[in-house]
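In what follows, chains carry the letters A, B, and so on, assigned in the order in which the sequence lines appear, proteins first and then strands, with residues in each chain numbered from 1.
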Number of protein chains: 2
Amino acid sequence: MTAITASDEIVLEQPCPIRDVLDRIGDQWSLLILEALAPGTRRFNALMRDIGDISKQMLSRTLKQLEQDGFITRTLYPEVPPRVEYTLTPLGRSFLEPMQQLVTWADTHHRTIVAARLRYQAAQA
Amino acid sequence: MTAITASDEIVLEQPCPIRDVLDRIGDQWSLLILEALAPGTRRFNALMRDIGDISKQMLSRTLKQLEQDGFITRTLYPEVPPRVEYTLTPLGRSFLEPMQQLVTWADTHHRTIVAARLRYQAAQA
DNA sequence: TTCCAAGGTCTACATTATAGACCGTGTAAA
DNA sequence: TTTACACGGTCTATAATGTAGACCTTGGAA
């Protein structure tokens, strides 16, 4: 990809719908943020604390993308200091269901995966 | 993260099982590769073609990680030119189910997301 | 007068991905 | 005979991306 893109350009659509969606939510942080918003509305710094090791820039950028794609809404209360709340939209909530399946799978098979890593490591030695 | 790691070191386990699993399959390529393997066994270059825009290095590296975590097996046939086949393990196949939910969701809501992008873009202007 | 909060942005640096050359081996075409 | 190609990679230089942390704003409290 050598495409020259303006920093905030929105790529409207990719040929493959699955790629189009997975490219966005299949990154380092999106799923984690959506999961953090599952219990309800959260503020910026609260999300920072929830997730723990995300940088401000990535949280900001990823939230912007999720807003762009209609997963979440951003509400700014013009107070001082400012308050900004992020909430899942109906689309975002609807995504929770397949995601929950994924999380459940992860939880169920976690031990199997760790065991596989051990086996692999042993086989290399 | 300033941890010094040998290039092929295996991180055996992270504190949070969900993070542990999502950090691996929630990258640019893993889901796409697993999807490409869903119909059945595939060879290296076939996967390259299926996915289209993955680099050799990333395909190689991601396959290695998926093998490590027990999602796929790698079988080398000592012919010339060499033949290497990648196949989903039972664990990998079991992952297909929640992933299929995700893919179905993506397919279903794709148009809604594109519409959201358009709205967002209009709102910025 | 100085400090802090929240929610960011900006910049310098570190990490990671990409493109593409290169490798080895055997078969086939020129 | 030399050359070309296939496959499944690895290696290297460069480009893209992520991180840490300084900085910004504005009003209230110490």
Scan residues 39-50 of chain A against DNA chain C and write down, sorted by residue number, each residue with any heavy atom closer than 4.0 Å; if none is found, say none.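 Listed by number, they are A/Arg43, A/Phe44, A/Asn45.
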
Protein-nucleotides 11-13 of chain D N/O pairs closer than 3.5 Å?
from   : atom 1 : to      : atom 2 : distance (Å)
D/dT12 : O4     : B/Gln57 : NE2    : 3.2

Note: contacts of residues 73-84 of chain B with DNA chain D (heavy atom, under 4.0 Å) are B/Arg74, B/Pro81, B/Pro82, B/Arg83, B/Val84

Under a 4.5 Å cut-off applied to non-hydrogen side-chain atoms, are [X] and [Y] in contact?
X: A/Tyr77; Y: A/Val84; result: no
X: B/Gln68; Y: B/Arg24; result: yes
X: A/Leu66; Y: A/Tyr86; result: no
X: A/Asp20; Y: B/Ile113; result: no

Residues at least two apart in sequence or cross-chain that pass side-chain contact (heavy atoms from CB on, under 4.5 Å) with B/Arg119, listed by chain then number, are B/Ala115, B/Ala116

By side-chain contact (heavy atoms from CB on, under 4.5 Å), B/Gln100 pairs with (sequence neighbours left out) B/Val103, B/Thr104

Practice prompt. Mind checking the CG-CZ spacing from B/Leu76 to B/Phe44? Nearest 0.5 Å is all I need.
Written response: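 The CZ atom of B/Phe44 is 13.0 Å from CG of B/Leu76, to the nearest 0.5 Å.
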
So the salt bridge (Lys or Arg N to Asp or Glu O under 4.0 Å) pairs with at least one residue in residues 81-109 of chain B (sequence neighbours excluded) are B/Glu79-B/Arg83, B/Arg83-B/Glu85

Could you state the [atom1]-[atom2] distance from [X] to [N], rounded to the nearest angstrom?
X: A/Leu59; N: D/dT19; atom1: CG; atom2: C1'; value: 13 Å
X: A/Asp27; N: D/dT17; atom1: CG; atom2: C1'; value: 12 Å
X: B/Lys56; N: C/dC22; atom1: NZ; atom2: P; value: 14 Å
X: B/Ile51; N: C/dT18; atom1: CD1; atom2: P; value: 11 Å
X: A/Gln65; N: D/dG18; atom1: CD; atom2: C1'; value: 13 Å
X: B/Ile54; N: D/dA16; atom1: CD1; atom2: P; value: 19 Å

Run the numbers on A/Ile51 and A/Ile33 for side chain to side chain contact (heavy atoms under 4.5 Å, CB included), then give the verdict. CA-CA 7 Å; A/Ile51 296 174; A/Ile33 292 175; 3.6 Å; yes

Taking 4.0 Å as the cut-off, does a side-chain nitrogen or oxygen of [X] come that near to OP1 or OP2 on [N]?
X: B/Tyr86; N: D/dG9; result: yes
X: A/Lys64; N: C/dT9; result: yes
X: A/Ser60; N: C/dT9; result: yes
X: A/Trp29; N: D/dT19; result: yes

inquiry  = Test: side-chain hydrogen bond (donor to acceptor under 3.5 Å, both in side chains). Region: residues 29-39 of chain A. Which pairs qualify, not counting sequence neighbours?
reply    =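 Passing the test, one end in residues 29-39 of chain A: A/Asp27-A/Ser30.
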
With [X] via side-chain hydrogen bond (donor to acceptor under 3.5 Å, both in side chains) - residues at least two apart:
X: B/Trp105; result: A/Ser94, B/His109
X: A/Thr41; result: A/Thr87
X: B/Asp50; result: B/Arg42
X: B/Arg19; result: A/Asp53

If each end axis of the helix from C/dT1-D/dA30 to C/dA30-D/dT1 is fitted on five C1' pair positions, the angle between them, to 10 degrees, is 40°

Note: for A/Arg61 and B/Met58 on DNA chain C, the residue whose nearest nucleotide lies more 5' is A/Arg61

